[in-house]
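What follows is a set of notes on a single structure, which appears directly below.
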There are 2 protein chains.
Amino acid sequence: MSHSLPVQSYLSYSLATAHRKVHGSLSKRLKEFNVQVEAWRVMEVLEAGNNLTMGDLAEAVLMNPPTLTKLVDRMVSDGIVHRRMASIDQRQVNLILTELGKKRVQQIREQAQLEDDAILNKLGSEKADLLHRILGELVQ
Amino acid sequence: MSHSLPVQSYLSYSLATAHRKVHGSLSKRLKEFNVQVEAWRVMEVLEAGNNLTMGDLAEAVLMNPPTLTKLVDRMVSDGIVHRRMASIDQRQVNLILTELGKKRVQQIREQAQLEDDAILNKLGSEKADLLHRILGELVQ
DNA sequence: CAAAATTAGTTGACTTGGAAAGGATTTTCA
DNA sequence: TGAAAATCCTTTCCAAGTCAACTAATTTTG
């Protein structure tokens, strides 16, 4: 069943494996709502009231700016968000979550939470916490 | 500088962040050799002598089968591998690493090792080891 | 044994992602 | 102040990924 592969010894591989599993599972959950994982993250950031520029938002949701632009295009045409030019700097763009978007994010958050709970159940809260902390340290 | 974002509390987000950072950095290193991270993994698996089917290989290198097929097409045209029909089952395909491929994987492995070493230096061997173990448990 | 079902891999149509260039605005500085 | 440089986001063009359908080979089963 499980082979012994040389790549398995790499931390980069372990990370990729774990990420793929979790992301895939979360992605499947959100597909029921026709929502991409990254779109959910955008909604969460907006719903929390963070008024970010596209650039900062891209960083926050782990995307490259051109990719975010295209995702936002889709979200606009789906009626989830709309764009507004920032008054302080007309090059900047801010996003506003629509009422539909606000409704959606509530439902979707449940699914995302379930996904995280699954990890918590698998590892136990202590190891899950430790994982969270070590990953945080890694990305600093 | 660093905002407090609601998504940050999700383990799925921490994993995505860490993976993005490490994968991006590794990808940049391998770009010097015109090699994709996944292509390197394919080479490692082959070089270790594992004679897998395309399906099993896809799983091992964390790709979907159609994506692997296309990657292998490129690797074939780059002279890194070639395909061979399996004798036991003519539907199956095995890959053979060419001499060029064998040469390449040696050089590339150094870079990949450097990337892992960077993580090790950042976390210390104890935490790095712990991370490896927890991730392993998560994907079981 | 032969038809039906399953399995392995690929192909094709479509969507998404990425690097580099482009237009618009703002900032810098001589 | 105004020309040059920098910044922000988007666009464009091309590469890579995904889903579903397809071909070929093998296995199952009536």
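Order of the sequence lines fixes the chain letters, A, B, ..., with proteins taken first and strands second; residue numbering starts at 1 for each chain. In what follows, every heavy atom counts, from backbone to side chain, and hydrogens, waters and symmetry copies are set aside. As the structure is a computational prediction, the values presented were derived from the model and not from experiment.
- When side chains are defined from C-beta on, Asp116(A) counts as touching Gln113(A), because their heavy atoms get closer than 4.5 Å.
- No donor-acceptor pair under 3.5 Å is formed between the side chain of Thr67(B) and the backbone N or O of Met63(B).
- Only Asp89(A), Gln90(A), Arg91(A), listed by number, bring a heavy atom of residues 81-96 of chain A to less than 4.0 angstrom from any atom of DNA chain C.
- Around atom CD of Gln111(A), more than 12 heavy atoms belonging to other residues, nucleotides or ligands sit under 6.0 Å away.
- Listed by chain and number, the hydrophobic cluster partners of Leu123(B) are Leu11(A), Leu15(A), Val22(A), Ile119(A), Leu123(A), Leu130(A), Leu131(A), Ile134(A), Leu135(A), Leu138(A), Leu11(B), Leu15(B), Val22(B), Ile119(B), Leu130(B), Leu131(B), Ile134(B), Leu135(B), Leu138(B), where partners are ILVMFWY side chains within reach of under 4.5 Å, directly or through others.
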Below 3.5 Å, can you tabulate the donor-acceptor pairs from side chains in residues 77-87 of chain A to any protein atom, sequence neighbours excluded?
unit_1: Ser77(A); atom_1: OG; unit_2: Arg74(A); atom_2: O; d: 3.0
unit_1: Arg83(A); atom_1: NH2; unit_2: Asp73(A); atom_2: OD1; d: 2.1

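- For the pair Glu38(A) and Thr53(B), nearest-nucleotide mapping onto DNA chain C gives the more 5' position to Thr53(B).
- Nucleotides of DNA chain C with any atom under 4.0 Å from a heavy atom of chain B span, from 5' to 3', dT7(C) to dA19(C).
- Applying the side chain to side chain contact (heavy atoms under 4.5 Å, CB included) test between Val37(A) and each of Leu62(A), Val61(A), Leu26(A), Ile108(A) identifies Leu26(A) as the sole match.
- Annotation: side-chain hydrogen bond (donor to acceptor under 3.5 Å, both in side chains) contacts involving residues 118-127 of chain B, sequence neighbours excluded, comprise Glu137(A)-Lys127(B).
- Under 4.0 Å is where a charged nitrogen must lie from a carboxylate oxygen, and between Glu99(A) and Lys102(A) at least one such pair does.
- Side chain to side chain, Ser25(B) and Glu115(B) meet the donor-acceptor criterion of an N or O pair below 3.5 Å.
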* Check the pair Leu95(B) / Met54(B) against side-chain contact (heavy atoms from CB on, under 4.5 Å), numbers first and verdict last. => CA-CA 8 Å; Leu95(B) 298 184; Met54(B) 288 293 280; 4.2 Å; yes
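- Applying the 4.5 Å side-chain rule to ILVMFWY residues, one finds that Ile96(A) remains a lone member of its cluster.
- For Tyr10(B), the ring-ring contact (aromatic ring centres under 6.0 Å, His included) test picks out Trp40(A), with sequence neighbours left out.
- A 4.5 Å side-chain heavy-atom check between Leu68(A) and Val42(A) finds at least one atom pair inside the cut-off.
- Without hydrogens or angle criteria, Asn94(A) side chain to Leu52(A) main chain gives a donor-acceptor distance under 3.5 Å.
- Proximity of residues 12-36 of chain A to DNA chain D (heavy atom under 4.0 angstrom from any strand atom) is restricted to Lys31(A).
- The span of DNA chain D lying next to chain B, judged by atoms under 4.0 Å from heavy atoms, is bounded 5' to 3' by dA16(D) to dT26(D).
- Hydrophobic cluster of Leu120(B): no remaining members, since no ILVMFWY side chain lies below 4.5 Å from it.
- Side-chain atoms of Met43(A) and Val35(A), non-hydrogen and from C-beta on, do get closer than 4.5 Å to each other.
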* To do: Would you sort out whether Val93(A) and Thr53(A) count as a side-chain contact (heavy atoms from CB on, under 4.5 Å), showing the intermediate values?
  => CA-CA 6 Å; Val93(A) 170; Thr53(A) 63; over 6 Å; no
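- A heavy atom closer than 4.0 Å to some atom of DNA chain C occurs in Thr69(B), Lys70(B), these being the qualifying members of residues 69-77 of chain B.
- Heavy-atom distances under 4.0 Å link DNA chain C to Asn64(A), Pro66(A), Thr67(A) of residues 60-68 of chain A, given in residue order.
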